[in-house]
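I have placed the structure first, in the form of structure tokens, so that the comments after it can refer back to it.
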Amino acid sequence: MQIEYLIIGQGISGTFLSYYLNKENKEFLVVDNNTNNSPSKIAAGIINPVTGRRLVTVWMVDEILPFAWKAYQEIGHDLDITAISQKSIIDFFPNPFMRESFLQKIETGDKYVHSYPEQNHFNSFFDYELGCGEIRPVYTAHLETLLPAWREQLLKENNLLEENFEIEQLKIEPGKIQYKNITAEKIIFCDGTSSFENSFFRQLPFAPNKGEALVARIPGLPDNHIYKKGMMIVPMAEKGFFWIGASYIWDFENAEPTLMFRENTEQLLKQWLKIPFEIFEHRSGLRPATLERRPFVGFHPLYTNIGILNGMGTKGCSLAPFFAKQLTDHLLYEEPISADASIDRFKKILTR
Ligand SMILES: Cc1cc2nc3c(=O)[nH]c(=O)nc-3n(C[C@H](O)[C@H](O)[C@H](O)COP(=O)(O)OP(=O)(O)OC[C@H]3O[C@@H](n4cnc5c(N)ncnc54)[C@H](O)[C@@H]3O)c2cc1C
């Protein structure tokens with residue numbers, strides 16, 4: 001089989017990269033092993049303009065947020081699914097410090113952080129003595145709908161190989177790569193934490209981060225907001241179901257769910273929610289995060305037919321569409337990749 005591009009991984013990165021290459025009528029094949037705890041399969045899909053306790057505006061927000069909204073709308077339209085929804089976060093202040101921080105941010109005229117005039121509006125659902133504010137616009141990407149829909153499309157067009165990619169079988173030759181019976185011009189790794197072991201890219205400063213979340217049914221809770229008080233309660237595509245999480249753990253033994261997370265989260269929910277809930281699922285996985293919290297995008301300085309789209313960390317839902325498009329435009333039209341994301345910044349390390 002002769003193709004132009006071999007893509008490893010169909011998480012959110014491989015999905016958008018293959019989507020854009022498909023739009024350009026390129027010949028490609030995606031290899032994906034369908035791991036059930038890949039971060040793209042367990043994420044909430046939140047696309048949030050601010051981050052952290054001090055509500056700092058996220059990196060490249062003015063470019064990346066509108067791009068993400070348009071990209072998910074477009075792929076959703078092509079697949080006849082709802083791939084993204086617009087929400088707002090109702091931020092219930094967990095302590096006086098966070099309340100103060102929020103109010104100070106409003107005073108600066110921040111365009112995403114707002115007061116919430118009807119302070120008693122959520123009284124029948126939640127306990128919150130210190131009041132609440134609102135963050136908007138915020139989006140939720142429906143990866144649970146999008147990933148299988150795009151997978152089906154790939155299968156229909158014979159663009160997907162459902163198997164484990166074995167790097168030992170990869171042969172690099174001048175101007176091409178060979179993998180089993182597949183010859184391609186280039187190979188691009190969108191394989192999340194698997195790239196951490198990849199001999200071409202393992203020198204990159206990856207820093208895996210473990211995240212756990214629960215899925216619960218909460219009958220009667222309105223689904224037009226995301227609710228936050230230390231943790232987030234996020235409406236899912238299936239009515240009545242909510243994603244609750246997540247943890248951010250740098251030091252961990254394995255990617256397995258822990259009893260401690262489940263018990264702590266249930267306890268917090270009991271203190272916060274006034275209505276009944278029922279836990280259905282406990283999810284856990286590793287985010288492909290990086291030490292300097294910026295993605296890895298581009299081609300290896302020595303093996304120029306080997307590329308990477310990875311390192312999306314905690315923000316893959318917003319970063320992946322944007323950088324998949326940049327990588328596509330770089331490949332086809334020699335457009336530059338943002339300096340902060342391009343792996344050219346690690347040229348020295350990668351050529352050692
Ligand atoms: C609990 C949790 C909550 C999160 N919530 C959010 C959120 O709300 N918003 C947000 O923006 N981000 C969130 N994230 C982060 C986000 O999920 C990631 O940034 C993103 O999913 C990374 O996508 P990816 O496609 O780069 O990698 P992955 O999702 O890891 O995809 C890699 C793909 O490659 C496949 N693969 C790997 N190795 C091989 C191999 N050898 N052969 C074949 N296939 C292979 C895997 O099966 C997988 O399909 C969350 C993460 C976690 C863990």
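Nothing fancy with the numbering, it's 1 onward along the sequence.
- Annotation: Y227 is not in aromatic contact with F125 [ring centroid separation under 6.0 Å not met].
- For the pair K229 and F126, the cation-pi criterion (under 6.0 Å, within 45° of the ring axis) is not fulfilled.
- Remark: I7 CD1 to F189 CZ distance equals 12.0 Å, nearest 0.5 Å.
- A donor atom on one side chain and an acceptor atom on the other are found under 3.5 Å apart for N34 and K41.
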Report the C-alpha separation of K26 and L332 in whole Å, then their side-chain angles, then the decisive distance to 0.1 Å, and conclude whether the side chain to side chain contact (heavy atoms under 4.5 Å, CB included) test is met.
CA-CA 10 Å; K26 295 290 155 192; L332 308 184; 3.7 Å; yes

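- Other residues, nucleotides and ligands place no more than 12 heavy atoms under 6.0 Å from the CD atom of E253.
- Rounding to the nearest 0.5 Å gives a distance of 6.5 Å between CG of L21 and OH of Y5.
- Taking CD1 of I244 as the start and CZ of R262 as the end, the distance is 10.5 Å to the nearest 0.5 Å.
- Aromatic ring centres of W59 and F323 lie closer together than 6.0 Å.
- The list of side-chain hydrogen bond (donor to acceptor under 3.5 Å, both in side chains) pairs with a residue in residues 341-352, not counting sequence neighbours, reads E292-R345.
- Judged as a salt bridge (Lys or Arg N to Asp or Glu O under 4.0 Å), and not counting sequence neighbours, the contacts of E281 are R283.
- Expressed to the nearest 0.5 Å, how far CD1 of I81 lies from OG1 of T145 amounts to 6.0 Å.
- Remark: H282 engages F261 in a ring-ring contact (aromatic ring centres under 6.0 Å, His included) (not counting sequence neighbours).
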